[in-house]
Amino acid sequence: MSNDQTPNQYAMQNPLTQYPQPPFPRQEQAEPGLDMKMNPPPDHGEKTYRGFGRLAGRKALITGGDSGIGRAVAIAFAREGADVAINYLPEEEPDAKEVVQLIEEAGRKAFPLPGDLTSESFCKSLIANASKALGGLDILVNVGGKQLTQESIEDITTEQFDATFKTNVYALFWLCKAAVPLMPPGATIVNTASIQSYQPSGGLLDYASTKAAIVGFTKALAEQMAPKGIRVNAVAPGPFWTVLQPTGGQPPEKVVHFGEQLPLKRPGQPAELAPVYVLLASQESSFTTGEVYGVTGGKPTP
Ligand code: NAD
Ligand code: MG
């Protein structure tokens, strides 16, 4: 929604009608897809997000930073004063280029670091290269993720199961393991869980399992990192309007009606999530660790 009709996210208004509601035009893309081809375009806060210096001088790495939720986080972090490195897959370069430009327009440094998170050696080098480029690492935001719907367990191949776990869980382990020794007290890790961590859909068996794992991982790592003064939290989004969905994340018919069954009757927009990542990454949440913050459109997490 990067057009003149973009709602002002700070003006009081009815959340039901603040953003586009289903039905949406039918659309499909091959994985991982491009944000710029979505109809209607998601709102990542390009036109609206206002920074208040909450992350002044911080050095952040965001995976999945090219599109969707990660893009909204990258824009918000830069406007809050952080330099930002983003990871994404090489085929997502057109989306990533736009994000680099937005970070630079905010007056911050942007470091695009493409590569495949399913490789342990890549994850290690990503942390090393991000830290080198940024001059340290204060914030690691794990947003990159894979979601492919299948009706039956019999339709999930071992390759899919493995790729979903590698992307969503193993990468998290490899990235955090490499990042923690570089992080100073006050540093933060923010992971991306899901409503699927708690209310799994039958058609997202492998994905929902990874998202439940991320909740356990977040809580255990938070306890382990507390003595070092490193806080670890997660965000659990409900349905958000991102390219994850029309690239096999949902059956095409469900994309048309995405968000309809929620109390707020529409999917969330990435711009509505970024402020929570800012809160958890910044010193404002200094007494919060091991928590999972739900942003679900009215389907509360436990
Ligand atoms: P998105 O497609 O814009 O973002 C996912 C990103 O993951 C991609 O941009 C890609 O860069 C990255 N990625 C996937 N496989 C990768 C790999 N092998 N190596 C490197 N990067 C890889 O969609 P999104 O909805 O913004 O997803 C971001 C996160 O939010 C995911 O973890 C997803 O599970 C989570 N989430 C999304 C929703 C939703 O409804 N959209 C709901 C709950 C949780
Ligand atoms: Mg993408």
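Throughout, numbering of the chain's residues begins at 1 and tracks the sequence. All ligand and atom numbering here is 1-based and tracks the order in the structure.
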Proximal atoms of ligand 1 relative to N87 (non-hydrogen, under 4.0 Å): 20 (C), 21 (N)
Who's the nearest protein heavy-atom neighbour of atom 19 (N) of ligand 1, and how far? L117 N, 2.8 Å
Please verify whether a non-hydrogen atom of D35 lies at under 4.0 Å from ligand 1. no
What protein heavy atom sits nearest atom 34 (O) of ligand 1, and how far off is it? Y207 OH, 2.5 Å
Heavy atom of G238 under 4.0 Å from ligand 1? yes
Checking the side chain of D138 only, and the main-chain atoms of K59 only, is there a donor and an acceptor separated by less than 3.5 Å? yes
Could you tell me the residue and atom name of the protein heavy atom closest to atom 24 (P) of ligand 1, and the distance to it rounded to 0.1 Å? T242 OG1, 3.4 Å
Where is the tightest heavy-atom contact between P40 and P25, given as atom of each residue plus distance? CD-CD, 4.2 Å
Please name the atom of E92, restricted to N, O or S, that is closest to the Mg ion (ligand 2). OE2
For the residue pair T288 / R231, report whether a side-chain donor-acceptor contact shorter than 3.5 Å exists. no
Ligand-residue contact atoms, ligand 1 with G68, heavy atoms, under 4.0 Å: 3 (O), 26 (O)
Show me which atoms of ligand 1 lie under 4.0 Å from any heavy atom of V243. 2 (O), 3 (O)
Protein heavy atom at shortest distance from atom 3 (O) of ligand 1: S67 OG, 2.6 Å
Regarding S67, does it place an N, O or S atom less than 2.8 Å from the Mg ion (ligand 2)? yes
Note the single closest protein heavy atom to atom 27 (O) of ligand 1, along with its residue, its atom name and the distance in Å. L244 CD2, 4.0 Å
Just checking Y170: does its OH atom have more than 12 heavy atoms from other residues, nucleotides or ligands closer to it than 6.0 angstrom? no
For the residue pair I86 and V100, what are the closest heavy atoms and their distance? CD1-CG2, 4.5 Å
Atom nearest to the Mg ion (ligand 2) - D66, N, O or S atoms considered: OD2
What distance separates S194 OG from Q147 CD, expressed to the nearest 0.5 Å? 7.0 Å
Considering only heavy atoms, which of P32, G145, G259, A171 lies nearest to atom 13 (N) of ligand 1? G145
For atom 12 (C) of ligand 1, which protein heavy atom lies nearest, and how many Å away is it? G144 CA, 3.8 Å
Note: G290 and N233 closest approach over all heavy atoms is N-OD1, 3.1 Å
Could an N or O of ligand 1 be found under 3.5 Å from any N or O of F240, whether backbone or side chain? yes
Out of all atoms in ligand 1, which are within 4.0 Å of some heavy atom of T118? Include the element for each. 18 (N)
Side chains of S282 and E80: do they bring a donor and an acceptor to under 3.5 Å? no
Do any nitrogen or oxygen atoms of Q245 come within less than 3.5 Å of a nitrogen or oxygen of ligand 1? yes
Is a side-chain donor-acceptor pair under 3.5 Å present for Q269 with Q9? no
Crowded around Y293 OH? As in, over 12 foreign heavy atoms under 6.0 Å? no
Side chains of T149 and Q250: is there a donor and an acceptor less than 3.5 Å apart? no
Tell me: protein heavy atom nearest atom 6 (C) of ligand 1, and distance? G64 CA, 3.9 Å
Which bit of V143 gets closer than 4.0 Å to ligand 1, counting heavy atoms only: side chain, backbone, both or neither? both
Spell out, as yes or no, whether a donor-acceptor pair under 3.5 Å connects the side chain of Y10 to the backbone of Y49. no
Heteroatom test (N, O or S) for D95 near the Mg ion (ligand 2), limit 2.8 Å: no
Closer than 2.8 Å to the Mg ion (ligand 2), do we get an N, O or S atom from D35, backbone or side chain? no
Whether D95 side chain and D35 backbone form a donor-acceptor pair below 3.5 Å: yes
Give a yes or no on whether F77 and I189 share a hydrophobic cluster (residues Ile, Leu, Val, Met, Phe, Trp, Tyr; joining criterion: side-chain heavy atoms under 4.5 Å apart). no
Distance under 4.0 Å to a non-hydrogen atom of Y88: what atoms of ligand 1 satisfy this? 11 (O)
Would you please determine whether W241 falls within less than 4.0 Å of ligand 1 on a heavy-atom basis? no
Within-cut-off N or O pair, K211 and ligand 1, under 3.5 Å: yes
Are any of the N or O atoms of P239 closer than 3.5 Å to those of ligand 1? no
Examine the side chains of Y207 and S201 and answer whether a donor and an acceptor come within less than 3.5 Å of each other. no
Among the heavy atoms of G115, does any lie under 4.0 Å from an atom of ligand 1? yes
Hydrophobic cluster membership, with links at side-chain heavy-atom distances under 4.5 Å among I/L/V/M/F/W/Y: are L55 and V276 in one? yes
Would I195 count as being in polar contact with ligand 1, using the rule that some N or O on each side must be under 3.5 angstrom apart? no
Any donor-acceptor N or O pair under 3.5 Å, side chains D43, Y19: yes
Out of curiosity, is A193 lining ligand 1, as in a heavy atom under 4.0 Å away? yes
Pairs of nitrogen or oxygen atoms closer than 3.5 Å, one from I69 and one from ligand 1: do any exist? yes
T192 N/O to ligand 1 N/O under 3.5 Å: no
Could you verify whether a donor N or O on one side chain and an acceptor N or O on the other, from T164 and D206, lie under 3.5 Å apart? yes
Ignoring hydrogens and angles, state whether a donor on the side chain of T218 or N191 is under 3.5 Å from an acceptor on the partner side chain. yes
Pick, from T167, L273, D116, the option with the minimum heavy-atom distance to atom 18 (N) of ligand 1. D116
When only distance counts, is S194 in polar contact with ligand 1, meaning an N/O pair under 3.5 Å? no
Heavy-atom contacts under 4.0 Å between E92 and ligand 1: side chain, backbone, both, or neither? side chain
